[in-house]
Amino acid sequence: MTHIARLPTVAHFDPYAVRAQFPCLHQEVNGHPLVFLDSAASAQKPQAVLDALMHAYAHNYANVHRGVYSLSDRATQQFEAVREKVRAFIHAASEKEIIFTRGATEGINLVAHSYGMTHLKEGDEILITAIEHHANIVPWQEVAKRTGAELRVAPILDSGALDEDAFFAMLSERTKMVAITHMSNALGTILPVERIIRAVHKMGAVVLVDACQSAVHDVLDVQQMDCDFLVFSGHKLYAPNGTGVLYGKYNLLESMPPYQMGGEMITNVTFEKSDFQAPPLRFEAGTPVIAEVIAFGAALDYLSTFDRHAIARHEVQLAEAARDVLHSMQGFRMMGEAPHRGAIVSFTHAHAHANDIGFVLDKCGIAVRTGHHCAQPLMARLGVPATARASFAMYNIAEDVEAFARGLHKVQKMFG
Ligand SMILES: *Cc1c(COP(=O)(O)O)cnc(C)c1O
């Protein structure tokens with residue numbers, strides 16, 4: 001991946017230069033330049049990632065692990081090198097704590113099944129919050145159903161912030177598992193995860209952090225955070241689909257049974273019994289997405305050429321500018337105004353359904369997500385069926401917010 005290593009380190013963050021490196025952004029939609037404001041659902045990929053994907057398939061492709069021939073060895077080395085890059089990206093203590101998954105959903109299911117099903121029992125409580133993504137609700141519902149544990153949901157305030165008093169009051173010695181998002185994909189709310197984790201650990205429970213959004217918009221340090229598990233998806237982080245990460249503290253991973261059985265995760269198999277690998281391979285049954293993981297490494301290399309705090313500042317500035325526009329216009333209502341929030345803006349209109357907003361904006365070339373954002377219980381709590389959501393990424397520019405404002409004026413004109 002020498003073409004990655006040649007990228008210069010950029011001292012000052014220049015979103016225009018970044019934008020130039022994302023081919024998919026350079027197209028017209030419905031006669032307008034594309035304004036892509038749906039990166040919270042999935043991000044576009046920079047040329048460096050596309051090149052790395054193509055390069056891996058064209059030059060270094062073979063199945064990984066156990067190959068005695070050079071090509072397989074090369075593919076394995078490049079694949080395993082990404083484990084170290086991920087370790088560094090989230091500052092884990094060891095690369096043995098990094099499990100490749102197909103995405104955050106698989107990571108949460110892995111923990112729910114492997115840890116939840118074996119450690120939880122009747123009388124235990126699983127605590128989540130009202131702003132969780134379905135991926136961090138449904139697996140725990142299933143664990144509760146099968147183990148007899150109780151799933152409890154900490155409420156939010158009208159602002160979309162976590163009701164911290166209620167949350168902390170719900171913690172008790174019955175609490176065994178806490179699964180929380182770091183940053184809400186639907187509202188942008190950022191949770192005080194470090195404070196939560198300290199309190200949960202005092203109760204002797206373990207914490208899983210859903211870092212799908214914070215992995216993009218924040219700089220993660222799992223040792224400082226002291227989370228027990230953390231998951232995120234590669235595709236929201238400018239990497240290919242089918243990549244994702246589960247971080248787990250090694251002593252916990254070591255105590256957990258496999259989630260899926262098959263090749264790669266065993267050391268010895270007879271028809272009578274099988275011996276399992278140590279983590280992380282114990283949790284990586286079957287052939288992984290090899291070239292995609294290698295290109296995931298290229299995405300991390302790409303990000304490492306920037307000051308990531310500068311990226312985060314840039315994204316939040318754009319989102320706050322978009323919020324200002326919405327506040328200045330009649331008919332629109334902001335959903336989610338927690339004091340601590342990231343580059344996601346969720347809103348509704350008094351007379352237009354979220355889908356209508358989405359259709360009008362699309363006619364202007366603007367891509368926003370509309371719907372429940374995989375958070376139906378949250379929508380019910382907010383009393384709306386759906387919202388429109390604009391989310392900002394490193395490649396968005398001030399002109400995108402201006403186009404967004406023009407689009408909103410169209411909505412206002414059509415729906416009053
Ligand atoms: C996207 C997202 C998920 C699910 O990620 P997948 O890539 O679909 O597995 C879970 N939680 C949050 C907060 C998300 O934004």
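Just so you know, ligand 1 is whichever comes first in the structure, and atom 1 is the first atom listed for that ligand.
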Got the closest protein heavy atom to atom 1 (C) of ligand 1, with its distance?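 Answer for atom 1 (C) of ligand 1: K236 NZ, 1.2 Å.
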Starting from atom 5 (O) of ligand 1, find the nearest protein heavy-atom neighbour and note its residue, name and distance.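 Protein heavy atom at minimum distance: S233 OG, 3.5 Å.
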Answer yes or no: is there a donor N or O on one side and an acceptor on the other, between the side chain of R74 and the main chain of H59, under 3.5 Å? yes
Is the backbone of H309 close enough, under 3.5 Å, to the side chain of D307 for a donor and an acceptor to pair up by distance? yes
Give every residue pair that meets the side chain to side chain donor-acceptor pair (under 3.5 Å) criterion with at least one member in residues 132-143, sequence neighbours excluded.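 Listed once each, the pairs are T129-E132, E132-N136, N136-W140, E142-K145, E142-R146.
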Salt bridge or not between R174 and E150? Use side-chain N to carboxylate O under 4.0 Å.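 E150 and R174: not salt-bridged.
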Parallel, tilted or perpendicular: which describes the rings of H349 and H351, with under 30° parallel and over 60° perpendicular? perpendicular
Proximity of [X] to ligand 1 by residue part, where a heavy atom lies under 4.0 Å:
X    : answer
E106 : neither
R102 : neither
A104 : both

Proximal atoms of ligand 1 relative to Q213 (non-hydrogen, under 4.0 Å): 15 (O)
Which side-chain N or O atoms in residues 386-394 pair as donor and acceptor under 3.5 Å with protein atoms at least two apart or in another chain?
residue, atom, partner, partner atom, Å
T387, OG1, S346, OG, 2.8
T387, OG1, H373, NE2, 2.7
R389, NH1, N185, O, 2.8
R389, NH2, D38, OD1, 3.2
S391, OG, L37, O, 3.4
S391, OG, S39, N, 3.1
S391, OG, A40, N, 2.9

Ignoring hydrogens, just give me the one of D210, T105, T181, N109 whose non-hydrogen atom is nearest atom 9 (O) of ligand 1.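 Closest candidate by heavy-atom distance is T105.
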